[in-house]
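Throughout, numbering of the chain's residues begins at 1 and tracks the sequence.
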Amino acid sequence: MVISNTIDAEEHRHSFLQVTISLEDEFDIDVEEQSLICSGIIINSNVVHRLKGAGHPLMLLLMDSTSEMAASFKRYIEGQTYHVFPPGMMKTIREFVPKEYPGVKDTDSYLSFLGQLMKLMGVEHVNTAIVDPRIREFIQLIKDCTDSEHSVSLYARQMGLSNSRLSHLFKENTGISLSGYMLLHKLQKATYFMFKGLSITDAAMAAGFDSPSHLAATSKRLLGMTAKDIRKDSVFLKVSCLH
């Protein structure tokens, strides 16, 4: 979860489900070559978009597509590539966020904030649609990992699968590529390390990036923010990996 006025991304796609909300006026965003002006939007995973948010205070919520929270939003938008929130709803959310956001300090307050936000959006909680127990196990292994190495081969062998079979099952169950998911996991992990006090260089290496510049390029390409901007302007809690 990020609140910032420095978000300005080039055209890209990622496997996160993305909710973007303006805390003041409207913002410009291109979604699959459609130019939109709105106050709030949900963008499905793997949808090409470009957010022109520089100068606008925005709340950006990026959800792991394998999570129950993402499953809840996917049910809400019913297969659409995007959904624009109505102005009346945005007025209520704009009043809610500045009032409640400063109180987000730990896991419980984070979950409370997200639960109230989902309720204001009319999004009902649903369970994840991942049915293959091997993929559920794999996702939990990734979330629990503490090493800088993120070897698909290692996980595949541990589960008695080939690399190609694990990749196929993952895409079949989640709708996203395994390589894209692993990259986003490393970015998520690096951001968490930065908020634990590590330097950008140390966070990059601990999360498995080849170099700080690799982390910076990945962050800018996928989030529209540099690692430095994320550390300065955002709230990122480990609990976000669990939902």
Smallest separation among heavy atoms of [X] and [Y], with atom names:
X: Phe16; Y: Leu184; value: CE1-CD2, 3.3 Å
X: Ala207; Y: Phe193; value: N-CE1, 4.1 Å
X: Ser15; Y: Ser45; value: O-CB, 3.3 Å
X: Met118; Y: Ser72; value: CE-CB, 3.8 Å
X: Met194; Y: Ala203; value: CG-CB, 3.6 Å
X: Ala70; Y: Asp64; value: CB-O, 3.2 Å

Handout entry: Listed partners of Asp30 passing salt bridge (charged side-chain N to carboxylate O under 4.0 Å, His left out), at least two apart
Key =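 Asp30 satisfies salt bridge (charged side-chain N to carboxylate O under 4.0 Å, His left out) with Lys52 only.
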Problem - Counterpart residues, salt bridge (charged side-chain N to carboxylate O under 4.0 Å, His left out), relative to Arg134 (two or more places apart) - result: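 For Arg134 the salt bridge (charged side-chain N to carboxylate O under 4.0 Å, His left out) partners, ignoring immediate neighbours, are Asp132.
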Exercise for the section: Could you walk me through whether His125 and Glu68 pass side-chain hydrogen bond (donor to acceptor under 3.5 Å, both in side chains), step by step? Expected result: CA-CA 7 Å; His125 179 270; Glu68 291 187 353; 2.9 Å; yes
Practice task
Check whether Leu36 and Leu58 end up in the same hydrophobic cluster, where Ile, Leu, Val, Met, Phe, Trp and Tyr are linked by side-chain heavy atoms less than 4.5 Å apart.
Solution key: yes
Handout entry: Co-membership, hydrophobic cluster, residues Leu141 and Ile139, 4.5 Å side-chain
Key = yes
Exercise for the section: Evaluate the side-chain proximity of Gln158 to Phe138: yes if any heavy-atom separation is below 4.5 Å, no if none is. Expected result: no
Problem - Pairwise side-chain contact, Ile21 with Val97, heavy-atom cut-off 4.5 Å (strictly under) - result: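 Side-chain contact under 4.5 Å: no.
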Would you list the atom pairs, donor with acceptor, under 3.5 Å between side chains in residues 84-95 and any protein atom, with sequence neighbours excluded?
unit_1: Lys91; atom_1: NZ; unit_2: Glu95; atom_2: OE2; d: 2.9
unit_1: Arg94; atom_1: NE; unit_2: Ser22; atom_2: O; d: 3.0
unit_1: Arg94; atom_1: NE; unit_2: Glu24; atom_2: O; d: 3.0
unit_1: Arg94; atom_1: NH1; unit_2: Glu24; atom_2: O; d: 2.8
unit_1: Arg94; atom_1: NH2; unit_2: Glu24; atom_2: O; d: 2.6
unit_1: Arg94; atom_1: NH2; unit_2: Asp25; atom_2: O; d: 3.2
unit_1: Arg94; atom_1: NH2; unit_2: Ser39; atom_2: OG; d: 3.1

Problem - Donor-acceptor contact below 3.5 Å, side chain Arg136 vs main chain Ile130 - result: yes
Practice task
Taking the six-membered ring for Trp and the single ring otherwise, decide whether the centroids of Phe113 and Phe96 are under 6.0 Å apart.
Solution key: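 That pair passes the under 6.0 Å test.
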Practice task
Taking atom CD1 of Ile37 as the centre, report whether more than 12 heavy atoms of other residues, nucleotides or ligands fall under 6.0 Å from it.
Solution key: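 Atom CD1 in Ile37 is not packed in, count stays at 12 or less.
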Practice task
Quick one: sort the His14 and His12 rings into parallel, tilted or perpendicular, breaks at 30° and 60°.
Solution key: tilted
